[in-house]
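In the text below, chain A, chain B and the rest are named by the order of the sequence lines, each starting its count at 1. Below, all heavy atoms of this structure are taken into account, side chains as well, without hydrogens, waters or symmetry copies.
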Amino acid sequence: MLNLKSQNPPLLTVSHLRKTFGDKVAVEDVSFEVFGGEVFGLLGPNGAGKTTTIRMILDIFKPDSGTITVLGGPMNPARADRTGYMPEERGLYPDMRVLDCLVYLGTLKGLFRKEAKQRAVAYLERLELSDQHKNKIQTLSRGMTQKVQVIAAVLHQPDLLIIDEPFANLDPVNAQLVRDIILELRDRGAAIIMTSHQLSLVEALCDRIALIDEGKVVLQGSVREIRRQFASNILRVSGIGELDGNLPGVEMVDRQTNSDWLLTLAPGTETQTVLQALAGYPGFVMDRFEVAMPTLDEIFVQIVKERKDFRS
Amino acid sequence: MNRTLLVFWRTYWGGITRGSYLVFTLGLPAFFFLVPIAGSVILLWAIRSVVPPTDFRPIGVVDESRFFPPPAGSDTTPVEMLGFDTVPGAVSALEAGEIQAYYLIPENYLEMGEITLVYEAAPSLEVDQMFERWVNEQIQEQVPEEIEQRYTAGAYFAHEEAGGKTVFSALDYLRWGGIYIVIYFAQVAGSFTSNYMYGTIASEAHDRTIEIILSSVTPRQFLTGKFFGLLAVGMTQLAVWVVPGLIGVGWFLSRFGEAYLPYLFPWEHAGLVISMLLGAYVLLQVMAAAAGLLRISGGAGPQLFGVLEWAGGLGIVYATYFLPRNPDTALAVVGSLFPLTAPLVLLIRLVASEVPVWQIVLSQVMLWGTVGLGLWALGGLLRRNLVSYAPRFKVIEWIKTLRVSKFFTTNRGFVSK
């Protein structure tokens, strides 16, 4: 996933999108690119404009301004066939049988009926739903329905997959099954856009993210870069022995457990300086040393809260 | 397969295999045919269970009026009828147990119509029915055939203006009845389909399935497939119901003769009738789909259709009682041109009057023009309202949407600014 930009053109380019409904500005200024072979997280609080952005990408809504390039051009039927979409919920006809529904949606994506059926059967087996293929969607549990929705989105092996909350209602085992399918598609070179409020999963799965708030992209980049960007001046240190405050550039030493400490650095202190000091610290054997990186959850909350405070 | 056809077929097949649809579609004709048969069987069984068993001894007939011929004897069912010249002879036979009862037809029967039944134990209902049938048959045989026919059919009134111009003749009743039945059943079928159309489109608007569908097909493909699929569901229902209708027509012709065939349906206007009814049917479905797209909640959808049906009911009253006698009033002309009333008013006028060609042409143009306009507007509504959580409907917003949508001219239905 490294150096994607230099290798291939993006499969999706969204540039300065704006969409209003009457007086309400749903999306004000959203721009991002998604490359083949990466999972891109589209994050944001409820009502931030994520779904409207997705609908514009899918050509369900037209933007008031801005441009969208999907798989090399504007959305058209041929490109729509190479796109997969899974809404958060209620994305299947409840009175249809599972297999019939999947075959129908597959044929709408250009698959022949026989091929769609073969693929659907294979996916149902893989997601442990074989015994449900004749049942109506409305009889399935929420977790089962979620898995069927995932199958519907990937059945035609899209080059661009947009999935909204793919892990909702799934237990860890099923979440892993779905995750494997998503990663398999990514490894095939597809671009995946994922929205989720389960940020730990986003962190584990996404290569890059964009955080939207009030219709604007307020943060964008690779997960690693963003976490580093928000890295605090706190170090986590574990080891055997005793640490007192006598460390260069360290303002405070806070012992968490018998073997864990949090060190607060003075402004301008290089972590390398502290690392060297700890390595030679008498009576202390260091097992772990890391910059206390915030989680995406923490970053998300921090940004949204700051913006809210700023507005108020 | 073409995407539009896929949506069409899915809509059609899903529609006609629904349990409620099958029950209703097949049940209605079955109701008309089977219920009377089943009801008769049940009634017969009930009667048999409560009345005493049939006594198979003969019954006597004493005809003091000398109007009736002697009873036919052993040909009668379920029991034999024996004629007696006098009451004492019948009484003796009754006391001897040779007959179970006797009917006394008094001398003044033709004036009074009363017949006395004398018995020790009342005969069964079947015996009474048998005797009554025999009496009626004997009376009918005494009446000249043309009088009997006139009596059975009643009288028709032909209307003529003072100058001698015929306003309508006796057989026009039959023509009105024929076209009225056709219109009525078309409206009933249209009403059922429109309710289904409304419900289906409203649920599409509620579900997010539509977003997946619209990520695969264009709005135009979706709307065309969905709309005509639902239309075909209604047409199938209509076809199923037409079969018993044709059986009824066949029965009518076999009973009354093919000479009546021209009066059952205005064959010379068949194309126009089909065009009008089809146009009205499609227009009703467009309105139902539009109501579904607007996602009228809180029962407002059914209420809307209630108002339409109520207005339609008023139209039927007008078309039934007032229009045939005054087919060329200003109201009738306006009703013939207005798309929602034209299928009723114009078609009745076709058999009741001579409608000017310009009115027929204008009526067609307005009806199908409205259908086209409705389908076009539906495209804008689809874009604006089909997706879940769409903002509240505002006419101004909708007009703005229509202005930019160019629904039927662009590749995916919409135009980028």
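For a residue to count as touching a neighbouring chain, one of its non-hydrogen atoms must lie under 4.5 Å from one of that chain's; by this rule A/Asp100 does not touch chain B. The contact between A/Thr51 and chain B is made entirely by side chain atoms (from C-beta outward), counting heavy-atom distances below 4.5 Å. Looking at A/Tyr104, only its side chain comes within 4.5 Å of chain B, counting heavy atoms on both sides.
Both tests pass for B/Arg10 against the ring of A/Tyr93: distance under 6.0 Å to the centre and angle within 45° of the axis.
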Exercise. Step by step, would you call B/Phe8 with B/Phe222 a ring-ring contact (aromatic ring centres under 6.0 Å, His included)?
Worked result: CA-CA 8 Å; B/Phe8 170 87; B/Phe222 169 77; over 10 Å; no

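In this model, a donor atom of one side chain and an acceptor atom of the other lie less than 3.5 Å apart for B/Gln237 and B/Thr25.
By number of non-hydrogen pairs under 4.5 angstrom with chain B, the leading residue of A/Gly110, A/Ala152, A/Ala26, A/Ala153 is A/Gly110.
Under the side chain to side chain donor-acceptor pair (under 3.5 Å) criterion, B/Trp241 pairs with no residue at all, not counting sequence neighbours.
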